[in-house]
Amino acid sequence: MTPKLPLYFDYNATTPVDERVLEAMLPFFGEDFGNPSSRSHAFGWKAEAAVEVARQQVAELIGATPQEITWTAGATESNNLAIKGACEMYRDKGRHIITCSTEHRAVLDPCAALAKAGWQVTHLPVDEAGRVDPAKVEAAITDQTVLISIMAANNETGTLHPLAEIGRIAKQAGVLLHTDATQAAGKIPLAVESLGVALLSLSAHKLYGPKGVGCLYVRRRSPRVRLAKQMHGGSHERGLRSGTLNVPGIVGLGAAAEIAGNELTDDAERLVALRDRLDEGVRSQLPEVQLNGHPTERLCNTANLSFAYVEGEALMMKLSSLAVSSGSACMSASREPSHVLKAMGVPDALANAAIRFSLGRPTTVEEIDFAIGAIVQAVRELRAISPLYELAREGIDPTRLQ
Ligand SMILES: Cc1ncc(COP(=O)(O)O)c(C=O)c1O
């Protein structure tokens with residue numbers, strides 16, 4: 001039976017709100033509408049209590065204490081607060097930060113803003129699987145280094161960085177480590193202490209919670225981390241992030257975090273099997289398909305595949321029954337190949353032929369099998385009209401042609 005089309009394979013872009021999450025949120029749009037800052041009546045107390053339950057739920061997902069969680073409007077804000085807040089607070093130590101060339105724009109752009117303000121920013125390279133070498137992190141640290149920001153998992157390829165090793169190096173050098181865990185949260189176990197991170201960003205809409213809400217973990221002990229606030233106002237969130245709290249959103253993030261913590265192992269096992277079924281199903285029927293990302297150190301739900309001799313955008317158009325994203329999707333209007341694939345040394349032709357398939361909790365075997373069929377057919381059709389593919393089949397390397 002054909003599943004209902006179009007099929008969604010873009011869970012790294014966003015996820016649907018889990019029904020259980022929605023149910024937890026609904027009362028806070030209606031009868032429990034109070035403002036948690038209203039300390040003088042029961043409406044406020046009820047909202048505040050719900051926000052504190054959520055803080056506990058999120059803290060548990062990452063092995064933190066509730067006091068270490070600050071609510072934000074999502075990972076972009078969390079990353080800005082972490083990076084700009086730490087640099088402003090500790091600027092007397094020096095003016096150097098270290099990050100990685102494959103980070104999301106929500107990290108690269110705050111770093112670029114700091115560079116404009118006179119900071120030195122080191123962008124570490126990655127290997128062909130997209131991983132940063134901890135030895136390179138160590139070598140890049142100077143006595144001026146205030147912060148290292150390395151993501152836990154890459155949004156385009158799913159590649160996981162050796163974060164615990166980087167955490168040990170950062171701790172030994174007395175440098176703060178921030179991680180953008182937006183894609184990792186809910187997909188792999190995260191324990192802030194064993195990872196050695198001082199700051200961690202996550203976002204509700206990537207783990208079956210609502211859009212527009214996230215949080216920043218800020219370590220409180222050994223040693224306590226302080227940040228310069230980036231939002232001035234009513235001193236909410238212990239003065240770190242002003243603004244009336246998004247109570248339904250926060251309750252949703254809390255519920256989503258609890259569910260993710262409970263179901264992470266089962267979800268991951270199921271998703272790895274589906275992801276590999278897709279990957280193997282496609283590659284067993286089509287030659288010249290390259291996996292972009294680490295073969296094993298990778299998110300359970302992500303397969304980024306390049307189909308040689310095929311234009312990614314043309315393939316996406318043909319695959320209109322599948323919601324996927326191309327190698328350049330993050331750059332919206334620009335057709336520039338993805339900066340992530342470029343940093344991994346993927347040639348432009350293959351980077352432009354990349355499609356990211358990201359699976360999620362609702363993905364089924366039937367959906368995967370339908371997708372395999374659709375992909376194989378679309379690629380065969382496009383290659384049939386590709387002069388480059390014809391040349392390659394005749395043994396001529398088209399990349400060497402003038
Ligand atoms: C790795 C990573 N960081 C940050 C973000 C931005 O998150 P938000 O949409 O919550 O601002 C995303 C979302 O695309 C992401 O994948």
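First listed ligand is number 1; within each ligand, the first listed atom is number 1.
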Visitor: Determine which pairs satisfy side-chain hydrogen bond (donor to acceptor under 3.5 Å, both in side chains) with at least one residue from residues 277-292, sequence neighbours left out, and list them in order.
Guide: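 The answer is R277-D369, D279-R283, Q290-N292, N292-N304, N292-S306.
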Visitor: Say whether Q183, considering both its backbone and side-chain N or O atoms, lies within less than 3.5 Å of an N or O atom on ligand 1.
Guide: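 In this structure, Q183 places an N or O atom under 3.5 Å from an N or O of ligand 1.
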Visitor: Are any of the heavy atoms in K206 under 4.0 Å away from ligand 1?
Guide: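 Contact check K206 vs ligand 1: positive.
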Visitor: How far is atom 7 (O) of ligand 1 from its nearest protein heavy atom, and which residue and atom is that?
Guide: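 Of every protein heavy atom, A75 CB, 3.3 Å lies nearest to atom 7 (O) of ligand 1.
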Visitor: Salt bridge or not for E237 and K229, using N-O below 4.0 Å?
Guide: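 No.
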Visitor: Under 3.5 Å, is there a donor-acceptor pair between the side chain of T145 and the main chain of I97?
Guide: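 Judged by distance alone, no pair lies under 3.5 Å.
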Visitor: Would one find an N or O of A73, backbone or side chain, under 3.5 Å from an N or O of ligand 1?
Guide: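 No.
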Visitor: Could you find the nearest protein heavy atom to atom 11 (O) of ligand 1 and give me its residue, atom name and distance?
Guide: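 In this structure, atom 11 (O) of ligand 1 has T76 OG1, 2.6 Å as its nearest protein heavy atom.
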Visitor: Any idea which part of D180 is under 4.0 Å from ligand 1, heavy-atom wise: side chain, backbone, both or neither?
Guide: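 It is the side chain that touches ligand 1; the backbone stays farther off.
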Visitor: Can you find an N/O atom of H104 closer than 3.5 Å to an N/O atom of ligand 1?
Guide: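 For ligand 1, there is an N or O atom that lies under 3.5 Å from one belonging to H104.
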Visitor: Any side-chain heavy atom of T99 sitting closer than 4.5 Å to one from V107?
Guide: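 In short, these two side chains touch, coming nearer than 4.5 Å.
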Visitor: Please round to the nearest 0.5 Å and tell me the distance separating atom NE2 of H236 and atom CH2 of W71.
Guide: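 Going from NE2 on H236 over to CH2 on W71, the span is 15.0 Å.
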Visitor: Below the 3.5 angstrom mark, is there an N/O of N155, backbone or side chain, next to an N/O of ligand 1?
Guide: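 There is no such contact.
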Visitor: List every atom of ligand 1 that sits less than 4.0 Å from any heavy atom of G74, numbering the atoms from 1 in the order shown and giving each element.
Guide: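 Counting atoms of ligand 1 from 1, those under 4.0 Å from G74 are 10 (O).
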Visitor: Taking only non-hydrogen atoms of H205, do any sit less than 4.0 angstrom from ligand 1?
Guide: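 Yes, H205 has heavy atoms under 4.0 Å from ligand 1.
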Visitor: Using a strict 4.0 Å cut-off to heavy atoms of M151, name the atoms of ligand 1 that fall inside it.
Guide: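 Reading through ligand 1 atom by atom, the close ones are 1 (C).
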Visitor: So for ligand 1, is S203 a polar contact partner (N or O within less than 3.5 Å, distance only)?
Guide: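 Such a contact does occur with ligand 1.
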Visitor: Could you tell me if S203 and T182 have a donor-acceptor pair between their side chains, going purely by distance under 3.5 Å?
Guide: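 No.
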Visitor: With sequence neighbours excluded, give me every ring-ring contact (aromatic ring centres under 6.0 Å, His included) pair touching residues 32-69.
Guide: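 The answer is F33-F43, H41-F43.
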Visitor: Is any side-chain heavy atom of F370 closer than 4.5 Å to one of S321?
Guide: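 Contact flag for S321/F370 side chains = yes.
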